[in-house]
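Order of the sequence lines fixes the chain letters, A, B, ..., with proteins taken first and strands second; residue numbering starts at 1 for each chain.
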Number of protein chains: 2
Amino acid sequence: MARLPEYLRALHALADAGHETVSSEGLANSAGVNSAKLRKDLSHLGSYGTRGVGYDVGLLIDQIESVLGLTQCRAVALVGVGNLGHALAGYDGFASRGFRIAALFDADPSRVGEEINGLVVRHVDELPRVAVQESISIGVIATPALAAQGVADQLVAVGVTSILNFAPCVLSVPEGVDVRKVDLAIELQILSFHEHRKASLTALPAAGGSALTALPGGLAVTDNQEAIGT
Amino acid sequence: MARLPEYLRALHALADAGHETVSSEGLANSAGVNSAKLRKDLSHLGSYGTRGVGYDVGLLIDQIESVLGLTQCRAVALVGVGNLGHALAGYDGFASRGFRIAALFDADPSRVGEEINGLVVRHVDELPRVAVQESISIGVIATPALAAQGVADQLVAVGVTSILNFAPCVLSVPEGVDVRKVDLAIELQILSFHEHRKASLTALPAAGGSALTALPGGLAVTDNQEAIGT
DNA sequence: AGGCGCTTGTGAAGAGGTGCACAAATCGCG
DNA sequence: CGCGATTTGTGCACCTCTTCACAAGCGCCT
Ligand SMILES: NC(=O)c1ccc[n+]([C@@H]2O[C@H](COP(=O)([O-])OP(=O)(O)OC[C@H]3O[C@@H](n4cnc5c(N)ncnc54)[C@H](O)[C@@H]3O)[C@@H](O)[C@H]2O)c1
Ligand SMILES: NC(=O)c1ccc[n+]([C@@H]2O[C@H](COP(=O)([O-])OP(=O)(O)OC[C@H]3O[C@@H](n4cnc5c(N)ncnc54)[C@H](O)[C@@H]3O)[C@@H](O)[C@H]2O)c1
């Protein structure tokens, strides 16, 4: 389930706050989901709660981390140390969540050799050697869209089977390789859609309801992220 | 639908490549989805295709942009010009997709006044004045998690009803305000989960199937992003 | 020990997304 | 003008996810 990481973050926050146990209700609030959904999710990985009491925070953290495969720190390779790549390389929030940025790569010779956060940028040609040496398990692509497919092919060639792609394009990869994409422009456009929808809903009933600007039908609002708060 | 932006990107790419029309099959391949799904999605916003021919690329772009509310360029305010904020502020890919970063804010006095990409970083206290002046329609939060809720409250207070949150925390906002979050650690953890699952699946049938490392049940693999390519 | 309140785990119903398969519609060509 | 090739639009069945509601279980208090 894609919500497990969310639960994990909420659990860590609760653990830091000194809580020993949580009820499904409390954890659900912290994670921003329905309590029934949370219980069903957790029940899928076993019965780790105590009726009448709740869930043991520490135990649940261990269990979720175990299921997510976070028991060992995973090595991440970042390809494309540009604008965005710099920010990612300089981010220290990954280490605390079970990941270690193990290598930085770029194709631009003028960037190779640069040191960021204690890591030296290597040329992308060194990927095969370094990937084995550092036992890379996840590749992150932060290159321009045109180079992304090529980089993905290189990553796949050295045995990487999980890729996080920031370039705004679809990657074609062999079966068995997982790709997740993060496209910030898409996120903004979805927000724009909601803005537009809200504006239409509030304007039309008040005004004469001009058919020109009206949305054709209801147009289902499904963007797989719960949005309405509180 | 959350897939419309994806279609829009594919359509722009096709338009740049000189295509006048596309079949649902072709566009579906470019966007990485099923052709039936694409047709159903497009049918929700009207009949803009011609049977036997396909869709007019230009017309479809106009229609989707109209539905997404991208006919006018939307002004975006970015709060938190740190590591990540710098990368976002320096990114020129938003302008081409209908967004204009109109203002940068930070609470750190030493950052205020800094110029990035032609924009001056302002103090967050100026938000109310600038928000009205620039008619901000979307707020982006790139501050540490502890400050995120406060910034969200400030954004809501000045009338922003769409927020993109990069801080790893859940935001509580009034009804009618849309929040989308981008948490890179969660993306990595989902990939880690898939890595773990793949490792278990390939190792267990070969080895003796030690019950210790086995996943409890099947554990549905649902992460609302189609992953398997080609 | 027994009852009581609280919480988990889960069955079942409802809702919604997905993909197949096909009728309807359009264009090009003979 | 008619026919076939092609492609859209959609009814339908299937399936997953969501949510409610409640029984079962646990701890605590008397
Ligand atoms: N910067 C942002 O805030 C932002 C936001 C959304 C999306 N993106 C996307 O992220 C990607 C990177 O953005 P950016 O702003 O960092 O771009 P950038 O141009 O600053 O950096 C790209 C880097 O990739 C390197 N590169 C190019 N081809 C390469 C190759 N074949 N192998 C290895 N490295 C290669 C370049 O040398 C450069 O250093 C782009 O696809 C962009 O669309 C960025
Ligand atoms: N850098 C990354 O690659 C990355 C990746 C994933 C998530 N994030 C998240 O994005 C957020 C920002 O990350 P970062 O690396 O840029 O951190 P950062 O510390 O470099 O930048 C944070 C900025 O926010 C400013 N700030 C703090 N409180 C503020 C307030 N109340 N109002 C306005 N500005 C305020 C700070 O002055 C600072 O400039 C964090 O929540 C982080 O967890 C960052």
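The nearest heavy atom of DNA chain D to A/G52 and to B/S23 marks one nucleotide each, and the one closer to the 5' end goes with B/S23. Ranked by how close their nearest DNA chain C nucleotide is to the 5' end, B/T50 and A/V53 are led by A/V53.
Atoms CZ (A/R39) and P (D/dC20) sit 11 Å apart, rounded to a whole Å. Rounded to a whole Å, the OH atom of A/Y48 is 18 Å from the C1' atom of C/dT10. To the nearest angstrom, P of C/dG11 lies 8 Å from NZ of A/K40. Look at NZ on A/K37: it is 17 Å from P on D/dA21, rounded to the nearest Å. Regarding A/E20, its CD atom lies at a distance of 17 Å from the P atom of C/dT7, rounded to whole Å. The distance from atom CG of B/D56 to atom C1' of D/dT7 is 15 Å, rounded to the nearest whole Å. Between the CG atom of A/D41 and the P atom of C/dT8 there is a distance of 14 Å, given to the nearest Å. One interatomic measurement links the two molecules: NE2 of A/H44 to P of C/dT8, which rounds to 16 Å at whole-angstrom precision.
Here B/N34 does not reach the OP1 or OP2 of C/dG17: none of its side-chain N or O atoms lies under 4.0 Å away. OP1 or OP2 of D/dT7 has not a single side-chain nitrogen or oxygen of B/S24 nearer than 4.0 Å. The phosphate of D/dT18 has OP1 or OP2 within less than 4.0 Å of a side-chain N or O from A/R3. Here B/Y55 does not reach the OP1 or OP2 of D/dT6: none of its side-chain N or O atoms lies under 4.0 Å away.
Considering every non-hydrogen atom in both A/R9 and B/P168, the closest pair reads NH1-O, 3.0 Å.
One side chain, A/Q149 or A/D153, offers a donor N or O that lies under 3.5 Å from an acceptor on the other. No side-chain donor-acceptor contact under 3.5 Å links A/S137 and B/E195.
More than 12 heavy-atom neighbours from other residues, nucleotides or ligands sit within 6.0 angstrom of NE2 on B/H12. Sparse packing is recorded around CD of A/E20, with 12 or fewer heavy atoms of other residues, nucleotides or ligands lying under 6.0 Å away.
Counting non-hydrogen atoms under 4.0 angstrom, B/S35 reaches nothing in the nucleic acid.
The base of C/dT8 sits within donor-acceptor range of the side chain of A/R51, with an N or O pair under 3.5 Å.
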